[in-house]
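Below: the structure, in structure tokens.
Counting starts at 1 for both ligands and their atoms, in listed order.
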Amino acid sequence: MDSILVKGNGPLNGVIPIAGAKNACLTLMPATLLSEEPLTLTNAPRLSDIATMTQLLQSLGAEVASMQNGLVLAMSSHKVYNHTADYEIVRKFRASILVLGPLLARDGHAIVSLPGGCAIGARPVDLHLKAFEAMGAELELRDGYVHAKAPGGRLRGAIIEFPFVSVGATENALLAATLAKGTTVIKNAAREPEIVDLAVCLRRMGAQIDGEGTSTITIQGVDRLGGATHPVVTDRIELGTYMLLPAICGGEVECLGGKMSLVGAFAEKLDAAGVSVVETERGLKVTRKNGRVNAVDVVTEPFPGFPTDLQAQMMALLCTADGTSVLEEKIFENRFMHAPELVRMGAKIDVHGGHATVTGVEKLRGARVMATDLRASVSLILAGLAAEGETVVSRVYHLDRGYERVEEKLRGVGAQIERISA
Ligand code: EPU
């Protein structure tokens with residue numbers, strides 16, 4: 001397994017291009033199953049999770065061609081000959097559950113392996129299943145698989161009210177409702193930019209959708225969807241991660257393609273910590289206002305709140321802030337696994353339930369650390385860039401799921417980073 005070697009080396013300066021969003025692309029790709037006509041995604045990120053979704057769609061009968069060095073994904077689901085999403089692929093990533101809605105909506109039946117728990121929490125899919133039941137689907141759980149059928153071969157419109165916000169369940173219900181008979185209203189819907197992007201793409205394919213980006217989405221089902229070409233929205237988590245570089249190391253970094261509307265709550269916290277974020281014509285320019293940043297408290301929430309996917313990276317910044325910060329994780333029950341690794345680098349962190357108290361130290365020290373999940377791995381790289389000496393992050397396969405060409409992008413702003421192949 002590869003490792004990443006990072007050396008702390010002072011201020012970072014330059015520009016970093018931000019890719020299309022992993023989590024948008026992973027929900028846009030299954031939309032191809034809703035139509036017999038081609039769906040082409042541009043600005044796709046080059047990531048291992050996208051390759052796994054490609055493999056899953058191909059196993060169902062879709063054609064997926066990666067073009068322009070992976071930036072364009074040309075998909076066509078003229079035929080869907082297999083309606084079973086096999087455990088061997090599903091176990092690799094949880095987004096695979098997003099093929100269930102489209103398969104059910106298109107052909108009225110599907111069998112999808114239940115994704116397991118994962119390092120950051122149990123992550124059940126009960127809300128997805130309840131949404132399909134509300135739309136008339138009959139579900140049975142057998143041998144680790146969800147067997148789903150729509151009586152008469154077609155889902156029907158329904159009022160779906162989620163007890164709490166779920167990004168994935170909102171996406172699955174939205175995908176399925178486009179071809180259901182009648183009107184579907186999703187209440188307490190997630191408002192993430194990735195949901196808005198999905199609705200825009202589905203509308204390009206001919207779907208009738210209103211209210212995306214608010215808590216109530218209304219979908220008028222249609223008989224068929226056509227083809228479309230759609231650019232994937234900018235990855236706000238990759239954006240936020242790289243915005244932290246000058247905050248942690250000093251210098252000035254401009255993130256190309258970045259927009260304030262994607263990272264509002266996060267930029268507000270940076271501002272309070274003493275980091276300036278300015279929107280330019282081509283992105284977001286970030287620099288530290290003074291020397292050391294100030295401690296700030298952070299609570300993770302669904303969009304437009306502070307994203308859970310930036311909590312680990314923000315913790316890396318706060319490890320060297322002036323004062324004590326409290327981070328509260330409200331989305332996942334076990335998302336502080338980076339804390340003990342940061343402690344190995346000299347951070348002072350006390351985790352108690354869903355809270356982590358971080359008392360800033362002057363300087364972190366390089367150490368051998370282990371990546372436990374995607375966002376944790378990049379937080380250790382950020383910490384390593386600010387530390388004295390060398391940091392070796394092992395188990396970096398997590399990183400390749402969500403950050404494309406990470407070494408190249410970081411070296412472009414002057415970071416000392418290299419991959420050690422096993
Ligand atoms: N939940 C349930 N039942 C469900 C669905 C969710 O209890 O049926 C719970 C989850 O266990 C969690 C909370 O609800 O505690 C919110 O989960 P949500 O469904 O919103 O998350 P998700 O759709 O599984 C997506 C992203 C995650 C991101 C979360 C929250 C994708 C592929 N994944 O997951 O991204 O953290 O939304 O914003 O879109 C990452 O990129 O590192 C990542 C983990």
**OP:** Enumerate the atoms of ligand 1 whose separation from the nearest heavy atom of Leu374 is less than 4.0 angstrom.
**Re:** 42 (O)

Original post:
Do the charged groups of Lys149 and Glu140 touch, with an N to O distance under 4.0 Å?
Top reply: no

Original post:
Do the side chains of Leu129 and Glu133 get nearer than 4.5 Å, heavy atoms only?
Top reply: no

Original post:
Are any of the N or O atoms of Arg375 closer than 3.5 Å to those of ligand 1?
Top reply: yes

Subject >> Protein residue, atom and distance nearest to atom 5 (C) of ligand 1, heavy-atom basis >> reply: Pro124 O, 3.3 Å

Original post:
Tyr145 vs His147 aromatic rings, parallel, tilted or perpendicular, using cut-offs 30° and 60°?
Top reply: perpendicular

Subject >> Contacting atoms of ligand 1, where contact means under 4.0 angstrom from a heavy atom of Gly168 >> reply: 19 (O), 23 (O)

Original post:
What are the atoms of ligand 1, with element, lying closer than 4.0 Å to any heavy atom of Leu127?
Top reply: 3 (N), 4 (C), 8 (O)

Original post:
For ligand 1, which atoms have a heavy atom of Asp126 less than 4.0 angstrom away?
Top reply: 2 (C), 3 (N), 4 (C), 7 (O), 8 (O)

Subject >> Thr183 and Gln220: side chain donor to acceptor below 3.5 Å >> reply: yes

Subject >> Residue-ligand contact Lys130/ligand 1, heavy atom below 4.0 Å >> reply: no

Original post:
When rounded to the nearest 0.5 angstrom, what is the spacing between CG in Leu399 and CG in Leu47?
Top reply: 10.0 Å

**OP:** Around atom 30 (C) of ligand 1, find the nearest protein heavy atom and jot down its residue, atom name and distance.
**Re:** Thr308 CG2, 3.8 Å

**OP:** Starting from atom 25 (C) of ligand 1, locate the nearest protein heavy atom and write down its residue, its atom name and how far away it is, to 0.1 Å.
**Re:** Val167 CB, 4.1 Å

Subject >> Proximal ligand 1 atoms for His128, defined as those under 4.0 Å from one of its heavy atoms >> reply: 8 (O)

Subject >> Mode of Ala169 contact toward ligand 1 - side chain, backbone, both, neither (heavy atoms, under 4.0 Å) >> reply: neither

Subject >> Candidates Glu328, Arg375, His338, Lys330 - the one meeting side chain to side chain donor-acceptor pair (under 3.5 Å) with Gln311 >> reply: His338

Original post:
Do any N/O atoms on Phe164 end up under 3.5 angstrom from N/O atoms on ligand 1?
Top reply: no

Original post:
Can you list the ligand 1 atoms lying under 4.0 Å from a non-hydrogen atom of Lys22?
Top reply: 40 (C), 41 (O)

Original post:
Is any side-chain heavy atom of Ser96 closer than 4.5 Å to a side-chain heavy atom of Val112?
Top reply: no

**OP:** Indicate yes or no: does an N/O atom of Asp309 lie under 3.5 Å from an N/O atom of ligand 1?
**Re:** yes

Original post:
So does Glu194 pair up with Arg236, basic N to acidic O under 4.0 Å?
Top reply: yes

**OP:** Check whether any N or O atom of Phe332, backbone or side chain, sits under 3.5 Å from an N or O atom of ligand 1, and answer yes or no.
**Re:** no

Subject >> Worked check of salt bridge (charged side-chain N to carboxylate O under 4.0 Å, His left out) between Glu418 and Arg411 >> reply: CA-CA 9 Å; Glu418 61 187 271; Arg411 275 200 292 264; over 6 Å; no

Original post:
Of all the heavy atoms in Arg335, does at least one lie under 4.0 Å from an atom in ligand 1?
Top reply: yes

Original post:
For Glu254 and Thr280, does a side-chain donor sit closer than 3.5 Å to a side-chain acceptor?
Top reply: yes

Subject >> Non-hydrogen side-chain atoms of Ser377 and Arg395 separated by less than 4.5 Å >> reply: no

Original post:
Which heavy atom of the protein is the closest neighbour of atom 32 (C) of ligand 1, given with residue, atom name and distance?
Top reply: Asn23 OD1, 3.3 Å

Original post:
In ligand 1, which numbered atoms sit nearer than 4.0 Å to a non-hydrogen atom of Ile331?
Top reply: 12 (C), 13 (C), 15 (O), 16 (C)

**OP:** Mark the output for Gly402 as yes if a heavy-atom distance to ligand 1 is under 4.0 Å, and as no if none is.
**Re:** no

**OP:** For ligand 1, find out whether one of its N or O atoms is nearer than 3.5 Å to an N or O atom of Arg94.
**Re:** no

Original post:
Should Ser166 be counted as touching ligand 1, given the test is an N or O pair under 3.5 Å?
Top reply: yes

Subject >> Test: Arg335 and Glu329 ion pair at under 4.0 Å >> reply: no

Original post:
What's the shortest distance from atom 24 (O) of ligand 1 to any protein heavy atom, and which residue and atom give it?
Top reply: Arg123 NH2, 3.0 Å

Original post:
Under a 4.0 Å N-O cut-off, is there an ion pair linking Asp400 with Arg419?
Top reply: yes

